[in-house]
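To start, the structure itself, in structure tokens.
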Amino acid sequence: MDFSLTPEQERLRKEFDDFFKEEMKNAPPGWGGSLEDMYSADEGWEFHRYMARKLAEKGWLVRAWPKEYGGQDASIMEQVIFGEVSAYHKSPGVDVFGIGLLGPTLLAVGSEEHKKEYLPPIARGETMWCQLWSEPNAGSDLAALATRAVREGDYYVVNGQKTWSSGAHRGDWGFAIVRTDPEQKRSRGLSFLLLDMKAPGVTVRPLLGMDKTHLFNEVYFDNVRVPVKNRVGEEGKGWDVTKAMMNFERTNVGMIFTVKRGLEDLIEFCKETKRNGEPLAKNPLIRNKLAQIAVEVEVGIALAYRIAWIQEKGGPAAMVEAGALAAASKVYGTELNQRFSYVGHQILGPYGQVKKESKWAPLQGTIESGFQQVQGMCIAMGTSEVQRNTIAWLGLGLPRSWDEVFKRPMAK
Amino acid sequence: MDFSLTPEQERLRKEFDDFFKEEMKNAPPGWGGSLEDMYSADEGWEFHRYMARKLAEKGWLVRAWPKEYGGQDASIMEQVIFGEVSAYHKSPGVDVFGIGLLGPTLLAVGSEEHKKEYLPPIARGETMWCQLWSEPNAGSDLAALATRAVREGDYYVVNGQKTWSSGAHRGDWGFAIVRTDPEQKRSRGLSFLLLDMKAPGVTVRPLLGMDKTHLFNEVYFDNVRVPVKNRVGEEGKGWDVTKAMMNFERTNVGMIFTVKRGLEDLIEFCKETKRNGEPLAKNPLIRNKLAQIAVEVEVGIALAYRIAWIQEKGGPAAMVEAGALAAASKVYGTELNQRFSYVGHQILGPYGQVKKESKWAPLQGTIESGFQQVQGMCIAMGTSEVQRNTIAWLGLGLPRSWDEVFKRPMAK
Amino acid sequence: MNLDFTEEQEMLRTSARDFLSTECPKTAVRELEESEEGYSKEMWKKMADLGWMGLVLPEEYGGTGGEFMDLIILLEEMGRNILPSPFFSTVVLCSLPILEYGTEEQKKEFLPKIANGEMIMSLALAEPSAIYNASGIKVKASLQGDEYVINGTKLFAHDAHIADYLLVVTRTTEGANPQEGITLLLVDAKSPGVTSSVVPTAALDKQCEVIFEDVKVPRKNMLGAPNQGWGIVKRLLEQATVAKCAEMLGGGQAALEMSNSYAKERVQYGRLIGDFQTIQNYLANMWIDMETSRNITYEAVWMVGEKLPCTKEVSIAKAWVSEAFKFITERGVQIHGAIGMTRDHDMGLYYRRAWAWDVLFGDADFHKEVVAQQLGL
Amino acid sequence: MNLDFTEEQEMLRTSARDFLSTECPKTAVRELEESEEGYSKEMWKKMADLGWMGLVLPEEYGGTGGEFMDLIILLEEMGRNILPSPFFSTVVLCSLPILEYGTEEQKKEFLPKIANGEMIMSLALAEPSAIYNASGIKVKASLQGDEYVINGTKLFAHDAHIADYLLVVTRTTEGANPQEGITLLLVDAKSPGVTSSVVPTAALDKQCEVIFEDVKVPRKNMLGAPNQGWGIVKRLLEQATVAKCAEMLGGGQAALEMSNSYAKERVQYGRLIGDFQTIQNYLANMWIDMETSRNITYEAVWMVGEKLPCTKEVSIAKAWVSEAFKFITERGVQIHGAIGMTRDHDMGLYYRRAWAWDVLFGDADFHKEVVAQQLGL
């Protein structure tokens with residue numbers, strides 16, 4: 001085994017690091033790097049778009065993509081390095097949905113037309129996307145979705161409601177999974193559509209978070225006309241596209257580096273802040289808690305590297321392994337963010353609840369916003385419960401659902 | 001509300017305390033008060049019988065029972081006081097099975113003959129009992145039991161195997177649940193028998209614990225003849241008796257006071273023991289851990305008192321409440337014992353693993369035996385999983401089993 | 001021993017629950033959170049009319065002479081409903097010490113006005129040092145003639161921005177023992193030199209910065225003896241801590257019930273989510289935390305009410321209950337999924353309070369250190 | 001970066017697994033636990049014949065010149081099988097420091113004998129103080145002419161009772177800095193004045209008390225420079241700590257597999273218990289702990305092998321992996337129910353080791369304090 005980076009990788013990391021260090025000086029006041037910071041206030045969104053363009057200029061926005069669509073065919077390891085440096089510096093710019101989800105999906109299962117039409121504007125940092133999946137009665141159980149799309153000539157007419165669509169109020173385009181054949185149940189009869197968020201009949205309503213930030217939305221479709229050519233995959237086979245999209249197993253390295261950075265800032269605070277005449281950093285209980293987070297951060301990074309390594313090797317067995325590991329890194333990473341938030345809140349004491357607009361807010365209020373936003377991380381993109389179910393299934397060979405259990409004869 | 005004890009209760013507590021303080025001087029060397037200490041070595045068992053006789057002499061062994069069977073009609077609160085003082089002093093003497101389980105069951109559902117025959121020798125501290133319930137394929141799912149009893153005239157002929165019978169190698173008598181009607185499934189067709197452990201055909205084989213102590217046993221029945229008059233309840237209605245026995249909702253106050261005492265001993269150790277030139281008691285991490293256990297002990301005691309109070313009031317609604325609370329106190333109490341063991345092990349460091357026979361063993365090796373024996377507490381008498389299920393059912397009105405769920409039509 | 005509430009107490013609970021759920025639905029809670037004042041004057045008047053402010057005050061001061069446990073029941077219901085109001089500040093933090101330590105003159109001046117809802121008060125205790133020990137008290141009051149002159153900054157003083165009077169914990173002498181030299185002063189909030197402003201916090205619960213610049217207070221407004229104020233603070237912190245535990249009990253119970261109801265109506269995969277063992281285990285653990293919290297709180301409340309030595313018991317209750325409340329609300333959000341983390345859902349009201357109250361009057365580690373000391377460690 | 005094992009390493013793993021499961025079934029493990037010596041001479045010989053003792057020793061000393069990672073694979077398999085043997089004591093704790101710090105003469109004297117299985121060694125480091133800091137070293141060695149004379153008591157020295165030689169960490173001078181003045185001596189276990197006796201422990205893993213009474217050791221048996229021994233101890237503790245993490249990986253994996261298999265065969269309520277979400281969640285959490293442990297261990301191992309600065313990484317690995325191993329074995333017992341807590345079931349072998357290894361070379365809190373220091377706290 002060899003855990004070292006190549007000199008080229010080290011050089012790249014430094015280049016990324018220099019770039020972000022410099023560019024992050026342009027962040028708006030109180031910037032904390034969360035999705036809420038990016039989508040909620042206009043300054044945040046503008047900064048995101050600014051960074052997207054800057055990264056596109058550098059050719060870094062979609063490094064992993066093929067050159068012909070604006071990428072650099074970069075290795076997974078290089079993406080991981082980019083991801084960690086970017087997260088460490090709390091940089092926005094990389095559209096979670098367009099670059100993280102849609103791009104790889106189109107590259108894997110999209111038509112050449114789709115790739116040519118949609119990928120280059122993403123690569124240039126121009127088009128921003130959102131995801132239109134969950135519905136009021138289809139959360140973890142996405143296949144229960146009910147939004148209808150009825151074919152009329154060259155169009156689908158879409159009616160229904162999506163919810164929990166992060167950043168839908170900012171997105172130029174959205175990808176949706178809808179029911180084209182109501183006769184079919186659950187994951188059958190679904191289709192995958194790309195739709196213009198400015199199309200007539202699309203209404204976006206905010207769902208404010210408990211800290212009043214605007215990240216999530218409800219999206220209503222009232223006779224929205226979507227050209228048939230905007231369908232990805234065959235009609236009725238939308239679930240395959242959805243599954244493909246879910247199967248890009250993430251290393252989740254970014255969410256670990258977010259904590260790494262947060263921890264460093266918190267450590268700095270503890271060194272500078274005296275309570276009862278002594279720096280917080282000298283309090284043995286606080287040292288123990290901070291060290292525990294540091295342990296968990298390094299453990300999380302090691303796990304993310306393992307996933308990247310498996311992906312780099314590829315192959316079907318590796319993909320099952322990566323599937324379980326990615327589920328593990330999601331639940332591990334989000335619960336680590338949660339534990340970090342709670343530790344931060346505890347160490348800051350009454351100051352942990354002060355909002356960033358106050359002069360009394362330490363660490364730019366990141367702990368205050370953090371402990372309210374972190375719950376969403378454990379729920380969005382597959383709840384912790386769903387991730388553990390995936391591990392039981394892919395990692396341990398246990399049944400995926402009760403229905404599966406009940407199909408078997410009773411055991412003696 | 002009023003949390004104070006009456007002067008009479010305070011006097012009783014002092015009387016118990018004085019008695020146990022004096023009598024515990026007779027405990028064999030290395031006595032730690034666990035069930036393993038009682039059942040494993042001969043000295044332990046003799047001490048148990050000695051204390052049983054002493055308590056009987058005092059009239060304290062079965063305080064809660066009616067006077068006619070050797071008891072004192074004592075209130076539940078007095079029993080709780082007795083239980084806590086006894087546990088605090090690590091005293092044996094009160095037979096878990098005869099006094100804790102069988103006695104109340106016979107008092108509730110036994111015939112007058114049974115009461116007259118079996119209760120007085122228990123009350124005199126003469127007869128010791130054991131429980132013959134679990135089988136290799138019937139653990140948490142007791143109703144799956146297969147041990148057969150075939151009626152032949154005035155006898156049942158019993159064949160089969162029981163397991164996890166604590167102290168069966170010491171017990172004079174055992175109470176068993178067996179299948180009298182093999183045509184009936186699960187909880188139907190069972191009967192409840194009292195059997196002489198010295199009867200021909202009863203074979204007891206030890207199941208040593210991981211620390212090699214002898215608490216559990218396998219018990220084999222090879223054509224064991226049990227008089228029909230030894231059946232409690234009707235033939236085929238043994239499950240009702242079993243349920244009645246399970247339904248004596250325990251306050252579990254004893255297992256909390258065991259930790260209370262263990263904590264006090266550990267605190268003493270931490271005050272006396274220097275490491276790196278400073279008493280362990282001055283180490284902030286250790287202070288925090290010990291205080292956490294102290295918090296949990298007091299919380300557990302308050303819960304136990306609540307259960308006792310509800311029982312004292314009685315009534316059907318109270319009993320449902322007490323049922324959920326008793327499940328809570330069981331899982332809380334055993335998991336507290338576990339946490340205490342682990343904290344003790346951590347504080348003692350390498351010494352936490354030293355067995356009591358060594359001169360290097362602190363606290364008479366109780367931490368060493370504790371961390372191995374405590375796992376059994378979370379499993380015996382209803383696993384933690386079963387207790388949480390009971391809480392979900394009685395405390396929260398949630399379904400008790402999947403089968404119940406699947407009997408309902410699918411929800412929309 | 002008697003672990004039941006009296007019939008009167010049960011009636012008080014019922015009427016309080018009815019009143020609050022009618023008068024202060026959660027939409028109102030959210031509006032009051034957003035408002036500058038953070039409470040409804042109208043509701044405040046009605047509460048006074050119900051006798052809530054004078055619940056534990058003797059009749060001679062306009063109260064109804066109830067016991068501490070009565071107040072606890074009311075607070076439980078307020079916690080259950082997340083009532084935004086200066087009740088805790090006024091009644092628990094200020095009327096109780098005035099009742100116990102005030103001169104007859106002070107009692108006559110303050111208590112009837114509190115009882116009839118005319119006066120709102122706020123305790124100015126914490127400072128930027130953010131510790132609940134006597135050594136954290138640095139705001140200075142110096143006796144000049146017949147007046148104390150206060151200078152310094154208090155922080156996290158709930159409801160100071162709407163208070164008529166502030167109960168200010170000041171340092172009047174410096175010595176080796178920080179518990180010596182503390183004096184409590186009743187300060188007219190409109191005195192020149194007092195500036196109160198709300199610090200924006202997660203729970204939107206109107207915690208204020210209060211700046212004192214040469215604020216003059218007549219000597220007769222001193223509560224208790226000069227330099228001996230820490231004893232009053234200790235006692236009021238005991239009362240306040242268990243009272244806050246009671247609010248958390250109410251909040252925890254509501255969060256648990258809400259989660260349990262949701263588990264019985266939310267369907268995923270064709271099943272109620274409460275049918276899943278994962279959710280059942282969450283709820284069972286929440287239930288255990290709730291029941292254990294209840295009993296340890298009542299025991300501590302009883303001791304505080306009886307004026308028994310209860311330093312250890314109060315700290316035990318706070319260390320346990322605030323962790324339990326955090327756990328219950330956190331799992332509550334998780335059970336609800338995305339809807340639970342929104343501004344429009346009630347669960348967030350409880351979740352945000354759990355984190356706010358966790359650090360109020362000392363967090364679990366603070367109280368465990370108290371317990372450690374009480375254990376002779 | 002390359003996170004795969006080499007083909008040779010995979011072969012080594014396979015052959016080690018085969019050998020151990022054949023030669024050392026769990027019945028044998030239990031017997032060896034009960035035996036006075038705690039290992040099988042016959043098996044020891046076979047292990048030597050397989051080249052295990054010399055795996056990382058250069059060929060000139062009778063070894064096969066493998067790398068540290070090779071040794072780690074072997075240790076993982078030993079942990080997987082709970083092999084009772086003095087391998088860790090001899091090879092990890094003694095041969096590595098002799099190889100790295102020994103004189104040519106010492107290497108020639110000790111290493112070939114270790115490689116061919118003739119010599120068993122034991123590290124006598126810990127003392128009744130039970131701390132893994134230099135300040136814990138009190139056993140005195142004083143230079144008298146050309147000999148050191150040792151007096152004092154060592155504790156928790158694995159396998160000292162069967163060792164031919166002891167590597168003894170002694171204090172030769174006292175000064176302000178406890179890390180100065182430590183000298184390592186290679187002591188013939190048969191020297192007059194050496195008394196080793198096994199301390200009975202939960203894991204029955206032959207930890208010894210070793211009493212030194214005027215034990216004379218020729219000066220040439222000093223390992224490294226006089227008074228500078230703490231550097232050697234630090235290095236060997238790094239190696240030993242990650243090596244122990246590797247054993248825990250093997251043990252954790254076995255415990256997890258055993259639990260998962262049991263969940264797939266044990267029926268209650270007409271269903272495999274692995275069908276229950278409660279059990280699935282336990283197993284999923286164990287799986288997460290296992291996978292996270294694996295990667296952090298290999299990273300630390302690689303750094304130790306490459307002799308990179310790795311104080312932080314080693315402590316991180318130990319702090320994480322020993323907690324994970326405890327959790328996995330504890331849940332493993334719970335999944336198995338009563339059978340899992342018996343002497344005759346294999347789960348207890350792992351459970352008891354988890355608690356023994358947790359405190360070996362410093363527990364999680366010890367290592368977290370190291371991490372805190374490394375973070376500049």
Side-chain angles (χ1 to χ4, degrees), chain B residues 134 136-141 143-144 163-164 186 206-214 216 274-277 283 285-286 289 338 341-342 345-346 348-361 365 367-369 371-376 378-380 383-385 388-389 401-403, chain D residues 33-34 126 128-133 135-136 155-156 197-205 207 209 266-271 273 275-279 282 326 329-330 333-345 347-349 351-352 355-356 358-360 362-366 368-369:
Chain B
S134 292
N137 291 312
S140 291
D141 181 19
T163 192
W164 312 121
R186 300 189 54 78
L207 281 167
L208 298 189
M210 65 170 84
D211 64 346
K212 298 198 280 176
T213 50
H214 182 186
F216 297 104
K274 284 191 176 182
R275 211 154 280 171
N276 251 347
N283 177 326
L285 290 175
I286 290 177
K289 286 182 220 277
Q338 194 180 36
S341 254
Y342 295 174
H345 194 274
Q346 201 172 17
L348 296 188
Y351 288 101
Q353 57 187 329
V354 179
K355 287 181 175 293
K356 65 178 170 193
E357 53 264 36
S358 167
K359 67 167 195 233
W360 292 106
I367 299 295
E368 185 271 341
S369 54
F371 88 85
Q372 294 176 78
Q373 295 170 1
V374 75
Q375 294 300 112
C378 301
I379 292 166
T383 64
S384 300
E385 291 72 25
R388 288 197 169 86
N389 184 253
S401 73
W402 290 2
D403 298 285
Chain D
E33 281 189 348
E34 305 282 343
S129 66
I131 45 170
Y132 286 96
N133 289 328
S135 57
L155 208 56
F156 306 118
S197 54
V198 173
V199 175
T201 49
L204 305 170
D205 54 355
Q207 303 184 45
E209 173 197 80
R266 170 73 172 171
V267 172
Q268 289 285 272
Y269 304 103
R271 312 275 168 206
I273 62 168
D275 293 348
F276 292 95
Q277 273 190 340
T278 302
I279 303 291
Y282 292 168
K326 283 198 296 183
T329 58
E330 186 274 323
V333 171
Q334 189 70 20
I335 290 171
H336 279 81
I339 190 80
M341 62 196 193
T342 58
R343 174 71 184 147
D344 284 338
H345 195 275
M347 189 51 75
L349 299 172
Y351 179 87
R352 288 183 287 120
W355 264 254
D358 176 38
V359 294
L360 188 58
D363 72 355
D365 281 338
F366 173 90
K368 279 191 260 176
E369 176 54 28

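Heavy atoms only: backbone and side chains are in, while hydrogens, waters and symmetry mates are out. Protein chains get the first letters and strands the later ones, always in sequence-line order, with residue 1 at the start of each.
Per-residue heavy-atom pair counts under 4.5 Å with chain D were compared for B:Lys355, B:Arg275, B:Arg388, and the maximum is reached by B:Lys355. Interface check for chain D: of the options B:Gly365, B:Ser140, B:Ser369, the most heavy-atom pairs under 4.5 Å are formed by B:Ser140. Top candidate by heavy-atom pairs under 4.5 Å with chain B, chosen from D:Ala202, D:Pro128, D:Ala356, is D:Ala202. Chain D forms the most heavy-atom pairs under 4.5 Å with one residue out of B:Arg186, B:Gln346, B:Lys274, and that residue is B:Gln346. The choice from B:Leu285, B:Asn137, B:Asn276, B:Thr383 that makes the most heavy-atom pairs within less than 4.5 Å of chain D is B:Asn276. The residue among B:Ala144, B:Ser384, B:Cys378 with the most heavy atom pairs within less than 4.5 Å of chain D is B:Cys378. For chain B, the option among D:Ala203, D:Pro200, D:Gly337 with the highest count of heavy-atom pairs below 4.5 Å is D:Pro200. Counting heavy-atom pairs closer than 4.5 Å to chain D, the top-ranked of the candidates B:Lys356, B:Gln338, B:His345, B:Glu368 is B:His345.
Interatomic distance, D:Ile335 CD1 to D:Arg266 CZ, rounded to the nearest 0.5 Å: 13.0 Å. For the atom pair CG of D:Asp275 and OH of D:Tyr269, the computed distance is 14.5 Å after rounding to the nearest 0.5 Å. Here the straight-line distance linking atom NE2 of D:His345 with atom CE of B:Met210 works out to 10.0 Å at 0.5 Å rounding.
Residues B:Thr213 and B:Asp211 have side chains that bring a donor and an acceptor to within less than 3.5 angstrom of each other. With hydrogens and angles left out, the side-chain atoms of B:Gln375 and D:Gln334 include no donor and acceptor closer than 3.5 Å.
Proximity of a side-chain donor or acceptor of B:Gln353 to a complementary backbone N or O of D:Thr201 within less than 3.5 Å is not detected.
For D:Phe276, the parts sitting under 4.5 Å from any heavy atom of chain B are the backbone and the side chain alike. D:Leu360 does not touch chain B: none of its heavy atoms, backbone or side chain, sits under 4.5 Å away. Contact of B:Asp403 with chain D is made through the side chain alone, with heavy-atom distances under 4.5 Å. If you measure heavy-atom distances from D:Tyr282 to chain B, the contacts under 4.5 Å come from the side chain alone. B:Phe216 touches chain D through its side chain: at least one heavy atom from C-beta onward sits under 4.5 Å away, while N, CA, C and O do not. With a threshold of 4.5 angstrom between heavy atoms, B:Ala138 approaches chain D through N, CA, C or O but not through any side-chain atom. Looking at D:Glu330, both its backbone and its side chain come within 4.5 Å of chain B, counting heavy atoms on both sides. Within the 4.5 angstrom heavy-atom criterion, only side-chain atoms of D:Leu204, from C-beta onward, approach chain B. When heavy atoms are compared at a cutoff of 4.5 Å, D:Phe156 approaches chain B solely by way of its side chain, counted from C-beta outward. Interface remark: D:Thr278 contributes side-chain atoms only to the contact with chain B (heavy atom separation under 4.5 Å). In this structure, the portion of D:Glu34 lying under 4.5 Å from any heavy atom of chain B is its side chain and not its backbone.
Nearest heavy atom pair, residue D:Thr342 against residue D:Ile339, reads OG1-O, 2.8 Å. Between B:Phe371 and B:Gly352 the shortest heavy-atom distance is CE2-O, 4.3 Å. Among all heavy-atom pairs drawn from D:Glu209 and D:Val199, the shortest one is N-CG2, 3.7 Å. Between D:Thr329 and D:Met347, the shortest heavy-atom contact is O-SD, 4.2 Å. Across every non-hydrogen atom of B:Trp402 and D:Gln277, the tightest pair is CZ2-N, 4.1 Å.
Below 30°, between 30° and 60°, or above 60°: for B:Tyr342 and D:Trp355 the angle between ring planes is between 30° and 60°, a tilted geometry.
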